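For reference, the structure is listed below as structure tokens.
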Number of protein chains: 2
Amino acid sequence: MAQNLSAGSLKRTSLRDQVLDLVRQSLVSGEIRPGDIYSASALAARLGVSSSPVREAMLTLVNEGLMEPVRNRGYRAVPMSEHDLDEVFSMRLLLEVPGTLWAAERATPEDLAALRAVADEIEAAAGAGDVVAFLDADRRFHAGLLRLCGNRRLVDTVLSLRDQTRLYGLDALARHGTLDASAREHHAMLDAVAAGDTGRLEEAVRHHLRHTRSDWAQPEDDAPSGKR
Amino acid sequence: MAQNLSAGSLKRTSLRDQVLDLVRQSLVSGEIRPGDIYSASALAARLGVSSSPVREAMLTLVNEGLMEPVRNRGYRAVPMSEHDLDEVFSMRLLLEVPGTLWAAERATPEDLAALRAVADEIEAAAGAGDVVAFLDADRRFHAGLLRLCGNRRLVDTVLSLRDQTRLYGLDALARHGTLDASAREHHAMLDAVAAGDTGRLEEAVRHHLRHTRSDWAQPEDDAPSGKR
DNA sequence: CGGACTCGGAATGCATGCATCTTAACGGCC
DNA sequence: GGCCGTTAAGATGCATGCATTCCGAGTCCG
């Protein structure tokens, strides 16, 4: 709360951060497709800014594993293989399960109430089929819940892992219509937290993550193995 | 092995990476002290390069959590509080224990032999009191062992966490003379891997990490609380 | 007709320059 | 003597320009 006041109010966003968010959104919306190469100078020209902040934003994305530099061609949006998804899923399992359990120990009624509101948002977005709003609220929910564990690095790492996967299954999520089922799981998790039932909470988190993993399994595979 | 061949051979290091490594080394050697502010332009002048690559290297360090930008003053080497150390320690526990167990399942005799050699290096460095060589070999050992688990993201994350802590306890390690004890634990871990004793391996890893955490507990505190 | 070579276009990476902003020291005023 | 306003120095952040390097199309030769 106080953090929002001190950090978010008078922070003029640098061009670098604006470009960074914009590229991230482009990844989410599918405008930037995995495997394609994009040049910093071309992006800069399209955005009407210099190549310096664009370059720095791309380097940040490289550090986060979302892009990779190609020698003198540009930056390539890294496609996620099944093995990559397994890696992310495994790490999220290792971090989110204990993190959520720790968070449950420290959650106050006020925290739970705030999360209930976000969970309602998630269900509303799922009911409306608004995938963008769903992902945004879902991210805020898990970030808000995990943050209670008190380990900032853990939260940041999990969010970074989330950002690596959320980008590649958007349409699949919408097609399968599994948003509603996934949305309801959030309230179930909060119920377990409120009840102090750590066993049920752990199973809920595991189930939620498994859900995520199986839903985002890529149905199509236009790049056969061996192509690198 | 093959990775080294493909990656390290014909890679001309960019100025950015050179600066990055140099600043990291300066952090390890203590030339850059936590809490102090350093300007990219001053560093660029000292190194005889432009501020562009220095700036980009600093931004990378910011992303890694080693530095933080100060509005129009420069970049500050972030000091590690006890809570920060706890955060890193907790995450390493969550990631390294399962990761090492997975690695043990996949370790081949050749892998073990290579790691034995590194473990010998560690003991030699510990016996000679060469802290820099110790840390380097120690890092290679844990990276090499963890890498066998097959989860590249997990390895990278753990190494990043390592880099956040290794910088702040150098002299303490040397003073307490605990290098030898820590060095011997590596062979014990390999013994457990070779024996297929997962329970003993898990306990060895936990013990090793606890060792690390307690050794690096800051004995001195020249910045009393409330100073900021 | 197929393959190798050359040349042009383009992108990165770095250097340089400038506008804006913050901090800190200095001088004046109460 | 202490406090406040002013000013100047320095840093970031962005724009611009240039050298180097790589990919690919076109062309020439076998």
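Per chain, numbering begins at 1; letters A, B, ... match sequence-line order. Everything quoted here is computed from the prediction, not taken from an experiment.
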Do [Y] and [X] meet the salt-bridge criterion of a basic N to acidic O distance under 4.0 Å?
X: R153(A); Y: D156(A); result: no
X: E31(B); Y: R46(B); result: yes
X: D136(A); Y: R140(A); result: yes
X: D111(A); Y: R106(A); result: no

Could you report the tightest heavy-atom contact between L146(A) and T100(A), atom names first, then the distance?
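What the structure gives for the nearest pair is CD2-N, 3.7 Å.
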
Could you write out each protein N or O paired with an N or O of nucleotides 14-17 of chain D at a distance under 3.5 Å?
{"residue": "dC14(D)", "atom": "OP1", "partner": "L15(A)", "partner atom": "N", "Å": "2.4"}
{"residue": "dC14(D)", "atom": "OP1", "partner": "R16(A)", "partner atom": "N", "Å": "3.4"}
{"residue": "dA15(D)", "atom": "OP1", "partner": "S50(A)", "partner atom": "N", "Å": "3.3"}
{"residue": "dA15(D)", "atom": "OP2", "partner": "S50(A)", "partner atom": "N", "Å": "2.5"}
{"residue": "dA15(D)", "atom": "N7", "partner": "S52(A)", "partner atom": "OG", "Å": "3.2"}

Checking only heavy atoms, does the side chain of N72(B) share a donor-acceptor pair with the base of dC21(C) at less than 3.5 Å?
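Pair found.
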
Using distance alone, with no hydrogens and no angle criterion, decide if N63(B) and T60(B) have a side-chain donor and acceptor under 3.5 Å apart.
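No, no side-chain donor-acceptor pair sits under 3.5 Å.
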
Are S160(A) and E64(A) close enough that a side-chain donor and a side-chain acceptor fall under 3.5 Å?
no

Give the rounded distance in Å between these two atoms: CE of M58(B) and P of dG13(D).
11 Å

Can you see if the side chain of R73(A) gets near the phosphate of dC23(D) - specifically, an N or O under 4.0 Å from OP1 or OP2?
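So the side-chain polar atoms of R73(A) never come under 4.0 Å of the phosphate oxygens OP1 or OP2 of dC23(D).
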
Would you jot down, in residue-number order, the residues of residues 37-45 of chain A having a non-hydrogen atom under 4.0 Å from DNA chain D?
none

Heavy-atom side-chain contact between H208(A) and S182(A) under 4.5 Å:
yes

